[in-house]
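Down below is the structure, laid out as C-alpha cells.
No experiment lies behind these values; they were computed from the predicted model shown.
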Amino acid sequence: MRLVQFLRRGDAGGGMRVGVEQGEGLGVVDLTACDPSLPATVRGLLELGDEGRARARRALSSGQCVLDRADIKLLSPILAPEKVVCVGMNYRDHCLEQNAPIPSEPIIFNKFPNVITGPYDDIILPAESQEVDWEVELAFVIGRSGKHIKEEEALSYVAGFTVANDVSARDWQMKRNGKQWLLGKTFDTFCPLGPALVTTDAVKDPHQLGIRCLVNGDTVQSSNTDQMIFKTEQIIAWVSRFVTLTPGDVFLTGTPPGVGVFRKPPVYLKKGDVVECQIDQIGSILNKVV
C-alpha cells in the first residue's frame, strides 16, 4: 500500500485526512471518508497495528471514496514524529567522493521534527546560511515499538519507506557550532518527505533501488541503495540499543555522492532552484527553493 496524508482542496477547516493511493500518481482512497472511526493520521493508523492496515486494505479494495489528485494537497506521510534519526556517511560511493574512511559503526545524528515538510512544499533558505545543499535519501518509518531489537527481526518493525531530502546548511554543519551537525541539519523545511509511505510488502528489496537527485532538471546524484554501508536492519538494531523506537519514528539512511559541497567549485542552492528527489518503487518529491 501507499499511505498518504492530505487536505481536500476547497474544504476550509476540513482538517488532515488519511488515504491510500491506488498507485503512484493515481487517485486516492479517502480512508477518513470510508471509515470515520479510523485515526486521522498515518501515525495513528500505524499505532493500530495489523488491524489498522487491514482496514486500510479493505477500503482500498472497495474502490469507493476515491478522490482525484487534482482535488487534494499531499502532505508529508508522517508529521510530528517523536524522532527523526539520521545516518551519516552511509554510502560507500559517498565516502569515496570525499576520501573518507568507511565507518565501522553507524554515525547517528538527528533533525528536530519541525524540519518535516510536504513532498511538494517549498524549501526556505534561511538568512543565517549561505551554503544550503541537497541530499536525496531513502527514509523508513517505524511501525511498532521496540528496544534492543535483533537484526534478524528488525524489518518487522518497519511500516514502510518514503523519499527524503536531508537539506543541509554546510556552513553550520562543517564550520560553525563546533562542527556539530545538528544546527546545520534542522532549519525549518529542511526535510521534505513523501509522496507516500510505501509499506514494506510493496517494496521488493529496499537495498536494490535506484536513487537520484535533480536540480533544475540536471541530475546531480545517481546511485543505488545497494551502496548503503549499514542496511535498514543494522540501523534499527544499533539505534534501538540506546532508545525505544515508537510508531511514526522517521529514519533517514544516508545520501549517495553528488552533493554540492564536494563539487569543484562547490555549488549551493539558491532562490528559484527546483530540487527533485527520486527513488525507484517509492516515488519522487519536488520542492522549490524560496
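Closest approach of Trp134 to Cys213, counting heavy atoms only: CD1-SG, 3.8 Å. The two residues Cys191 and Leu252 have their closest heavy-atom pair at SG-CD2, 4.0 Å.
We find that Glu97 and Arg92 are not joined by a salt bridge, their nearest charged nitrogen and carboxylate oxygen being 4.0 Å or further apart. Contact check on Asp280 versus Arg212 returns a salt bridge, with a Lys/Arg side-chain nitrogen under 4.0 Å from an Asp/Glu carboxylate oxygen. Between Glu131 and Arg170 there is no salt bridge, since no side-chain N of the basic residue sits under 4.0 Å from a carboxylate O of the acidic one. Between Arg9 and Asp71 there is no salt bridge, since no side-chain N of the basic residue sits under 4.0 Å from a carboxylate O of the acidic one. With respect to the salt-bridge test (charged N to carboxylate O, under 4.0 angstrom), the residues Lys185 and Glu135 qualify. Using a cut-off of 4.0 Å between Lys/Arg side-chain N and Asp/Glu carboxylate O, Asp121 and Lys73 are scored as salt-bridged.
Listed by first then second residue, pairs satisfying salt bridge (Lys or Arg N to Asp or Glu O under 4.0 Å) with a partner in residues 240-250 read Lys83-Asp249, not counting sequence neighbours.
Taking the side-chain contact (heavy atoms from CB on, under 4.5 Å) definition, one finds that Thr199 meets it with Met1, Leu3, Asp201, Ala202, sequence neighbours left out. Take Asn99 and apply the side-chain contact (heavy atoms from CB on, under 4.5 Å) test, not counting sequence neighbours, and it matches no residue.
In the model, Ser129 has a side-chain atom that pairs as donor or acceptor with a side-chain atom of Asp171 under 3.5 Å. There is a side-chain donor-acceptor pair under 3.5 Å between Ser223 and Asp93. There is no side-chain donor-acceptor pair under 3.5 Å between Thr255 and His94. Between the side chains of Ser76 and Gln5, no donor-acceptor pair is found at a separation under 3.5 Å.
With rounding to the nearest 0.5 angstrom, the CD atom of Gln180 is 10.0 Å from the CD atom of Gln173.
Annotation: side chain of Leu197 is not in contact with side chain of Phe161 (no heavy-atom distance under 4.5 Å).
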**Study point:** Worked verdict on Asp133 versus Val167 for side chain to side chain contact (heavy atoms under 4.5 Å, CB included)
**Key:** CA-CA 6 Å; Asp133 203 350; Val167 184; over 6 Å; no
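Between Trp181 and Phe109, the ring-plane angle classifies as perpendicular under the 30° and 60° cut-offs.
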